[in-house]
Amino acid sequence: MKHLIITMLVVLLTSVQAVATQSSPKPDQIHLTWTGDPATTVTIQWRTDLSVPDSAVNYGTTVAYGMSTTGISFTLSGTTVTDTSYTQIVMHHVVELQGLNPSTAYHYQAGGSGQFSADYYFTTAPVTGFTNSTFNFIVCGDTRGDSLGAFAGINPSLSTFAEALFNNHPSFIIFTGDATETGNIDEWDDWFKAMSSVSPYTVIMPVDGNHESNSNIFYAQFAVPFANGKTWQDLSTKGFYYSFNYGNSHFTIADDEAAFGVPVQTNELTWLNTDLQSTQATSAEWKFVSNHMPEFSKGAYGSNSVLDQYWVPVFVNNNVDMVFNGHCHFYERTFPLDQSGNQVLQNTGVTYVVAGSIGAPLYDIAQAPFIAYEEKTYNYSVVQIAGNTISMNAYRLSDTPSINYNTLMDNVSYTKLAPSSGTKSSGCSCNTTGNSATYPFDAVTVIAMLGAGLFALKKPAGHSH
């Protein structure tokens, strides 16, 4: 009993200390998104304590940098889930670099008031619309744990999983939602700490998940290209949805969190259809959509009937190639499907991929005629684009590394057929194995939207490569 009491006290004190850890003048939680053209811009975000009100980034193609630009900063404040009596106020910084050269590696350091980070780097996208683009991206999500405490709802293995993501050298990451258990401040701190091996180097474009709990903290930390005339205050009711082009591909990020007021069958539906139709007039060879809850799935929560009714016809009618989801904590890939969920040829159907857990507690799988491959495992998918061909490799992970750690479990590849009669075709020759968007606001306006509201963050330890 004595040893048990001592152990409980140690755990309690450790938890309190984690909550009370203060930010400092040195930047941390450094991460990248896009608010403009990925070929010529990148948006860098970080936090400090209140002693550093200015935001600056030194950058260039070598560690000598040679260029510098400034951005905005605003305070974030709030309590934590592990100690609701504790309030911390920090400074959040946002700087967009503009006028960059496409397909170019840049070094940078972020900071202000004489306090700057270590050297990091990123690579810009190929010219938007370039037909023969070659790049890869990772799809993953659902990193939350299922309990609070020392990791505040984050799977303790996430830092190891993040290293696996980094080692694939992705051009960017689509994160399919549910980063944390409750969306509270201290959970996000642990998330940024765990992701620090990849987030300063690789753009992460987020999807709103139900465990973000409609959290303003989530909205505050990721600058994205807002759509449909949304202001900062409108995000919870109009939705966290947006799109961007990368090389020869168009990416649409949709928000299905109707439980928090997002009208998926009204305003967003109109935007979704308009956004996907707009690609007909561009050279977007491939069309990808990502949202949190699966349109087609079996096991756990299954298919989302509302999305099936309203969104799936839009996907099919606009020749979407693949849709990426999370929410169901397993890996699952469908055959190409029509809007009724029947297997069809790729030129008339859409493939749905549930990349449903890179740390969240796993769910049981179940068989269905529309499923091509499924497995109950932590997982992530790497999609490789090479002109008019794509391949997707899905990898399994484990929080108990073994012979199956980070091994290939599923693969699918497509080749796009030439358009017919002057119209865009999504036809393809398929092989499977397995057991530019228009931005409604300029960058200054988008970043300025981040300054409305007071929220909070606290400091995780940094890491660099």
Heavy-atom closest pair, residues Ala223 and Thr33: O-OG1, 2.5 Å
ring-ring contact (aromatic ring centres under 6.0 Å, His included) between Tyr352 and Phe296, worked out: CA-CA 7 Å; Tyr352 298 82; Phe296 291 102; 5.0 Å; yes
Residue pair His93 / Thr48, side-chain donor-acceptor N/O under 3.5 Å: yes
Thr124 side chain vs Asn101 backbone, donor-acceptor pair below 3.5 Å: yes
Aromatic plane relationship, Tyr246 with Trp34 - under 30° parallel, 30 to 60° tilted, over 60° perpendicular: tilted
Aromatic ring pairing His92/His31, orientation class (parallel under 30°, perpendicular over 60°, tilted between): tilted
Short side-chain to backbone donor-acceptor contact, Thr104 and Pro102, under 3.5 Å: yes
Pair His107-Tyr65, side chain to side chain contact (heavy atoms under 4.5 Å, CB included): steps then yes or no: CA-CA 7 Å; His107 289 263; Tyr65 306 122; 3.9 Å; yes
Any donor-acceptor N/O pair, Ser117 side chain to Pro27 backbone, under 3.5 Å: no
Considering all heavy atoms, the nearest Ala284-Ser249 contact: CB-C, 4.5 Å
Any donor-acceptor N/O pair, Asn167 side chain to Leu165 backbone, under 3.5 Å: no
Donor on one side chain, acceptor on other, His211 and Asp142, under 3.5 Å: no
Flag for Asn168-Tyr380: side-chain donor and acceptor within less than 3.5 Å: yes
Any side-chain donor near an acceptor of the partner, Glu295 and Asn304, under 3.5 Å: no
Modelled atom types, side-chain donor and acceptor of Glu187 and Thr182, under 3.5 Å: yes
Residue pair Phe330 / Glu375: nearest heavy atoms and the distance that separates them: CB-O, 3.5 Å
Expected output: side-chain Ser157 to main-chain Thr160 donor-acceptor under 3.5 Å: no
Any donor-acceptor N or O pair under 3.5 Å, side chains Asp255, Asn291: no
Phe222 and Phe218 aromatic ring geometry - parallel, tilted or perpendicular at 30°/60° bounds: tilted
Closest approach of Tyr378 to Ser398 (non-hydrogen atoms, all atoms of both residues): CD1-CA, 4.0 Å
Non-hydrogen atoms of Thr176 and Ser290 that approach each other most closely: CG2-OG, 3.6 Å
Main-chain N/O of Leu269 paired with Asn273 side-chain donor or acceptor, under 3.5 Å: no
Polar side-chain atom of Gln45 near backbone of Thr43 as donor-acceptor pair, under 3.5 Å: yes
Donor on one side chain, acceptor on other, Gln384 and Ser391, under 3.5 Å: no
Exam field: side chain Ser133 to backbone Phe130, donor-acceptor pair closer than 3.5 Å: yes
Under 3.5 Å donor-acceptor, Lys416 side chain and Glu285 backbone: yes
Donor-acceptor side-chain pairing of Tyr108 and Asp119 below 3.5 angstrom: no
Worked check of ring-ring contact (aromatic ring centres under 6.0 Å, His included) between Tyr363 and Tyr301: CA-CA 9 Å; Tyr363 298 156; Tyr301 302 106; 5.8 Å; yes
Candidate pair Asp321 and Lys287, rule salt bridge (charged side-chain N to carboxylate O under 4.0 Å, His left out), full reasoning: CA-CA 5 Å; Asp321 295 288; Lys287 297 181 186 180; over 6 Å; no
Ring-ring centroid check Tyr121 Tyr106, cutoff 6.0 Å: no
Thr41-Gln98 side chain donor-acceptor pair, cut-off 3.5 Å: no
Pair Phe335-Phe370, ring-ring contact (aromatic ring centres under 6.0 Å, His included): steps then yes or no: CA-CA 6 Å; Phe335 295 106; Phe370 56 78; 9.1 Å; no
Nearest heavy atoms of Ala179 and Trp188, plus distance in Å: CB-CH2, 3.5 Å
Aromatic plane relationship, Tyr241 with Trp271 - under 30° parallel, 30 to 60° tilted, over 60° perpendicular: tilted
Donor-acceptor side-chain pairing of Asn248 and Thr131 below 3.5 angstrom: no
Sequence-distant partners of Trp311, ring pair (Phe, Tyr, Trp, His ring centres under 6.0 Å), two or more places apart: none
Stepwise side-chain hydrogen bond (donor to acceptor under 3.5 Å, both in side chains) check, Thr180 with Arg144: CA-CA 4 Å; Thr180 68; Arg144 68 176 182 86; over 6 Å; no
Distance-only polar pair, side chains of Asp178 and His292, donor-acceptor under 3.5 Å: yes
Derivation and outcome, ring-ring contact (aromatic ring centres under 6.0 Å, His included), residues Tyr395 and Phe161: CA-CA 11 Å; Tyr395 295 88; Phe161 297 164; over 10 Å; no
